[in-house]
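Below, chains carry the letters A, B, ... as their sequence lines are ordered, and counting in each starts from 1. All figures in this text were calculated on a predicted structure; none of them were measured in a lab.
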Amino acid sequence: MDDTNSLIQQRRDKLKALNEAGVDPFKNFAKPTHGCGAAREMFERGDLKEGDRVLIAGRITAHRDMGKSQFIDLKDVSGRIQVYAQKQELEKRGPTQFEIFKQLDLADFIAAEGTLFRTRTGEPSVKLESFVILSKALRPPPAKWEGLADPEIRYRQRYLDLISSDEVKATFLKRSMIVREIRAFFHERGYVEVETPMMQAIPGGAAAQPFKTHHNALGCEFYLRIALELYLKRLLVGGIDKVFEIGRNFRNEGLSRRHNPEFTMLEAYEAYGDYATMMETVESLVKRIAERVVGKLVLGRTLAVEPVRRLLEDALNSPQAAFGPGSLWGRLEAEQAERFAFLQSLLTLAPETVTFAEVAKARAICVEFKQWYKELHPDWNQQASLPVQIQAFNRLERALRPYSESEIDLNVWNKPRYRDLVRQAVSEMTEGLFPDWFALSPEDRKNVAVNQLGLGGDIAAAYEDFEVTGAVFEKLVEPTLIQPTFVTHLPKQLVPLAKLDPNDPTSVEVFECCINGQEISPGYSEQNDPVAQREALEHQAGGEQQKLDEDFLAALEHGMPPAGGIGIGIDRLCMMLLGQESIRDVILFPQLRPKV
RNA sequence: GGGUUGGUAGCUCAGCGGUAGAGCAGCGGCCUUUUAAGCCGUUGGUCCAGGGUUCAAAUCCCUGCCAACCCA
């Protein structure tokens with residue numbers, strides 16, 4: 001960053017020369033009459049005519065030197081327009097003007113005044129009469145054609161990324177539009193937007209590791225909030241019946257493609273509503289945003305090739321590989337060898353040539369192999385335990401599902417129950433050997449999960465029964481929920497802040513809205529019984545009394561109206577809507593390790 | 001935390017034991033309607049850092065730093 005290379009030195013020399021010539025290259029400047037892209041568009045549309053005078057300002061993004069004719073592209077947030085400078089014309093304004101113009105560098109800001117015209121090739125352009133340097137760039141911009149590829153520079157110096165990629169810029173402008181639509185949506189429905197503390201003495205509302213900080217004057221510890229929930233509910237107690245907040249949460253946990261330590265959350269609560277009210281809210285909100293920001297309800301997805309590669313590699317190359325020569329087949333028929341070769345070919349193709357359709361074909365091949373195995377081993381289900389081959393085929397087939405759907409259709413929103421999804425997944429994965437997961441004993445559930453579903457690595461020995469079921473959902477169900485799905489009626493242990501289902505006290509009136517294989521939004525019928533709430537929170541705190549937010553419980557005792565509530569992770573919503581596979585591509589300045 | 005890959009000119013990358021390379025950008029020259037302008041010439045490097053092996057290291061080995069991806 002503090003490097004001095006020759007390019008920087010050259011620009012400094014130019015700056016010095018300008019200063020010595022009495023030119024201030026950081027001049028303040030009156031407002032332009034038009035945006036660069038706006039002027040170009042108006043000219044194209046006919047709102048501006050040939051010969052109309054414009055005053056524009058922007059960054060120089062290209063320079064084409066024809067000797068006595070010079071072309072530059074000038075760019076601002078509205079777009080770009082070409083400026084045409086003629087030696088003869090500029091020198092009318094001053095004998096050195098053309099020389100100064102030729103000294104301009106890529107990335108400098110200038111203001112330019114002139115008249116609109118079209119060049120021989122039809123390009124809308126401004127015939128330059130005069131210009132002022134607004135800001136001299138002392139560092140060279142990234143190459144115009146290749147742009148920035150180094151992800152580290154893209155994230156650490158996002159301004160360079162924004163300069164060199166219109167696509168990246170468009171993504172972040174759309175993120176801003178998404179947030180604006182969210183605000184408009186809730187305001188139109190009569191919600192009140194509030195701001196609650198980010199520094200909290202007891203971080204509540206979720207199970208997550210907080211960041212800790214210290215307040216000097218008060219002499220006490222604070223935590224950065226991990227959720228908005230408990231303060232918004234205090235406002236329900238206080239009589240703000242429809243309330244929402246959009247704000248940053250902080251969780252002191254790992255970073256990944258889907259996790260940034262600080263992330264933006266929307267929470268909204270509606271008195272006299274319930275989880276069903278809130279499902280309608282989420283659906284309407286997401287549809288509205290998609291229509292107004294993306295312009296359609298059927299969204300394209302981007303294929304993440306690396307995870308697919310990893311899955312195939314493991315399946316094809318692991319010691320007990322169920323596919324291919326040398327495996328349990330003994331020998332491969334021609335048809336099988338052809339399928340196997342196809343799977344292998346996916347590993348060697350260039351990433352950009354692998355398509356959703358090919359992943360779908362790979363899935364179909366898993367099913368074919370499974371059928372062949374069953375034909376070769378007619379007694380495959382004798383032991384009431386699944387052969388490892390069939391386990392492998394099913395596991396790969398299911399793992400590939402999220403990578404085989406190329407679109408998200410926001411017209412259709414399903415509402416299955418949590419237990420039905422888990423039951424169905426287990427039944428499918430075990431060829432119907434265990435048709436009802438919930439009819440098994442807790443010990444059997446753990447055994448089946450570890451030995452037949454391949455979840456050994458995901459289930460700790462100390463896991464309680466509901467956590468074993470939770471792992472099945474998280475690993476086998478949630479990733480496959482690409483299309484909009486409200487998963488309803490979760491086990492009560494998973495959600496301590498929700499109301500029990502009156503028809504089934506083992507589950508709660510809750511949904512998890514999953515889209516794109518990720519949880520986008522949980523929603524509840526909020527628990528407003530202070531006694532039941534205290535029990536649930538005490539159980540969650542595991543006997544650590546200092547973690548109990550007594551003031552929140554006191555608030556509930558003052559009476560909270562029944563209410564529906566939702567939370568929506570804005571970053572993940574943006575990923576889904578804008579077709580980005582990494583959370584770092586929807587957060588302007590994602591967290592990285594500080595450099596030196 | 002573990003595994004894999006990567007870090008070479010301002011940018012994008014090649015080179016993978018034997019003189020540090022290309023394209024773009026830059027600089028100089030030619031060209032008064034070009035647009036990834038073109039043509040001629042040319043500058044530019046702590047090859048991430050440190051250690052080791054070797055007659056010789058950008059290249060092989062080790063350690064560290066940073067990043068991406070995968071897994072936890």
Side-chain angles (χ1 to χ4, degrees), chain A residues 1-14 17 40 50 60-75 80-91 98 101-108 116-128 137-157 160-161 163-165 253-259 304-314 317-318 347 351 399 403 454-460 471 474-475 479 581-585 590-596:
Chain A
M1 295 290 280
D2 56 343
D3 50 342
T4 339
N5 58 56
S6 62
L7 294 180
I8 293 178
Q9 194 51 51
Q10 280 171 8
R11 284 172 180 247
R12 287 192 177 150
D13 293 344
K14 284 185 183 176
R40 184 191 160 99
E50 177 121 12
I60 300 173
T61 57
H63 180 208
R64 294 174 288 279
D65 181 352
M66 300 276 299
K68 296 188 179 67
S69 271
Q70 306 261 327
F71 295 88
I72 58 171
D73 286 347
L74 218 51
K75 193 171 168 189
R80 70 155 201 111
I81 191 167
Q82 175 171 272
V83 173
Y84 171 54
Q86 271 182 311
K87 184 170 193 284
Q88 203 178 9
E89 185 66 30
L90 271 185
E91 287 182 343
F98 190 68
F101 186 89
K102 289 209 314 197
Q103 292 297 307
L104 291 172
D105 284 313
L106 287 184
D108 290 353
L116 288 166
F117 78 110
R118 266 180 209 283
T119 63
R120 199 186 287 163
T121 54
E123 176 80 10
S125 307
V126 175
K127 189 172 282 177
L128 187 64
L138 293 180
R139 288 172 185 266
K144 62 181 172 189
W145 188 243
E146 292 90 354
L148 260 189
D150 182 345
E152 190 172 351
I153 300 179
R154 287 189 50 222
Y155 298 145
R156 285 193 199 276
Q157 296 178 270
L160 294 179
D161 193 24
I163 287 171
S164 51
S165 168
E253 291 162 4
L255 288 73
S256 79
R257 212 157 52 90
R258 300 171 165 207
H259 298 87
V305 176
E306 277 314 309
V308 173
R309 289 255 162 93
R310 171 58 64 111
L311 289 166
L312 284 173
E313 226 167 53
D314 287 353
N317 300 335
S318 74
L347 292 176
Y403 305 102
L455 295 176
D458 303 304
I459 292 175
E474 206 177 298
K475 297 294 170 186
E581 8 169 338
S582 169
I583 197 168
R584 297 186 189 97
D585 292 323
Q591 201 58 249
L592 299 179
R593 192 184 294 275
K595 204 154 192 183
V596 191

Quiz item: Gln9(A) and Asp13(A): side-chain donor and acceptor closer than 3.5 Å?
Solution: yes
Practice problem: I would like to know whether Lys102(A) and Asp65(A) meet salt bridge (Lys or Arg N to Asp or Glu O under 4.0 Å); could you show each step before the answer? | Solution: CA-CA 8 Å; Lys102(A) 289 209 314 197; Asp65(A) 181 352; 5.9 Å; no
Quiz item: Are any of Arg310(A)'s side-chain N or O atoms less than 4.0 Å away from OP1 or OP2 of C69(B)?
Solution: no
Practice problem: Please check the phosphate of C70(B) (OP1 and OP2 only) for any side-chain N or O of Arg309(A) closer than 4.0 Å. | Solution: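 For C70(B), OP1/OP2 do not have a side-chain N/O of Arg309(A) under 4.0 Å.
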Quiz item: Which part of the nucleic acid, if any, lies within contact of Gly254(A), taking any heavy atom under 4.0 Å across all strands shown: a base, the sugar-phosphate backbone alone, or nothing?
Solution: nothing
Practice problem: Would you mind classifying the nucleic acid contact of Ala62(A) as base, sugar-phosphate or nothing, using non-hydrogen atoms under 4.0 angstrom? | Solution: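 No contact.
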Pairing nucleotide - [N], Watson-Crick or G-U, each distance under 3.5 Å:
N      : result
C55(B) : G18(B)
G1(B)  : C71(B)
C30(B) : G38(B)
G10(B) : C24(B)

Practice problem: Show the numbers, then the answer: is there a side-chain contact (heavy atoms from CB on, under 4.5 Å) between Arg40(A) and Arg80(A)? | Solution: CA-CA 8 Å; Arg40(A) 184 191 160 99; Arg80(A) 70 155 201 111; 3.3 Å; yes
Quiz prompt | Residue closer to the 5' end of RNA chain B, Asp458(A) versus Arg156(A) (nearest nucleotide) | solution = Arg156(A)
N/O to N/O distances under 3.5 Å, protein versus nucleotides 25-34 of chain B:
| unit_1 | atom_1 | unit_2 | atom_2 | d |
| --- | --- | --- | --- | --- |
| G26(B) | O2' | Gln10(A) | OE1 | 2.1 |
| G26(B) | O2' | Gln10(A) | NE2 | 3.2 |
| C27(B) | OP1 | Lys14(A) | NZ | 2.5 |
| C31(B) | N4 | Asp65(A) | OD1 | 3.3 |
| C31(B) | N4 | Gly67(A) | N | 3.0 |
| U32(B) | O4' | Ser69(A) | OG | 3.2 |
| U32(B) | O2 | Gln86(A) | NE2 | 2.6 |
| U33(B) | O2' | Arg120(A) | NE | 2.9 |
| U33(B) | O2 | Arg120(A) | N | 2.6 |
| U34(B) | OP1 | Arg120(A) | NH1 | 3.4 |
| U34(B) | O2 | Arg64(A) | NE | 2.7 |
| U34(B) | O2 | Gln82(A) | OE1 | 3.2 |
| U34(B) | N3 | Gln82(A) | OE1 | 2.6 |
| U34(B) | N3 | Gln82(A) | NE2 | 2.8 |
| U34(B) | O4 | Gln82(A) | NE2 | 2.4 |
| U34(B) | O4 | Thr119(A) | OG1 | 2.7 |

Between atom [atom1] in [X] and atom [atom2] in [N], what is the gap in whole Å?
X         : N      : atom1 : atom2 : value
Arg154(A) : C66(B) : CZ    : P     : 21 Å
Gln591(A) : A68(B) : CD    : C1'   : 17 Å
Glu313(A) : C69(B) : CD    : P     : 17 Å

Exercise. Might you work through the side-chain contact (heavy atoms from CB on, under 4.5 Å) test for Leu116(A) and Ile81(A), ending with a clear yes or no?
Key: CA-CA 10 Å; Leu116(A) 288 166; Ile81(A) 191 167; 4.1 Å; yes
Practice problem: Inspect the contact between Arg309(A) and Glu313(A) and indicate whether a charged nitrogen and a carboxylate oxygen are less than 4.0 angstrom apart. | Solution: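 Answer for the salt bridge query: no.
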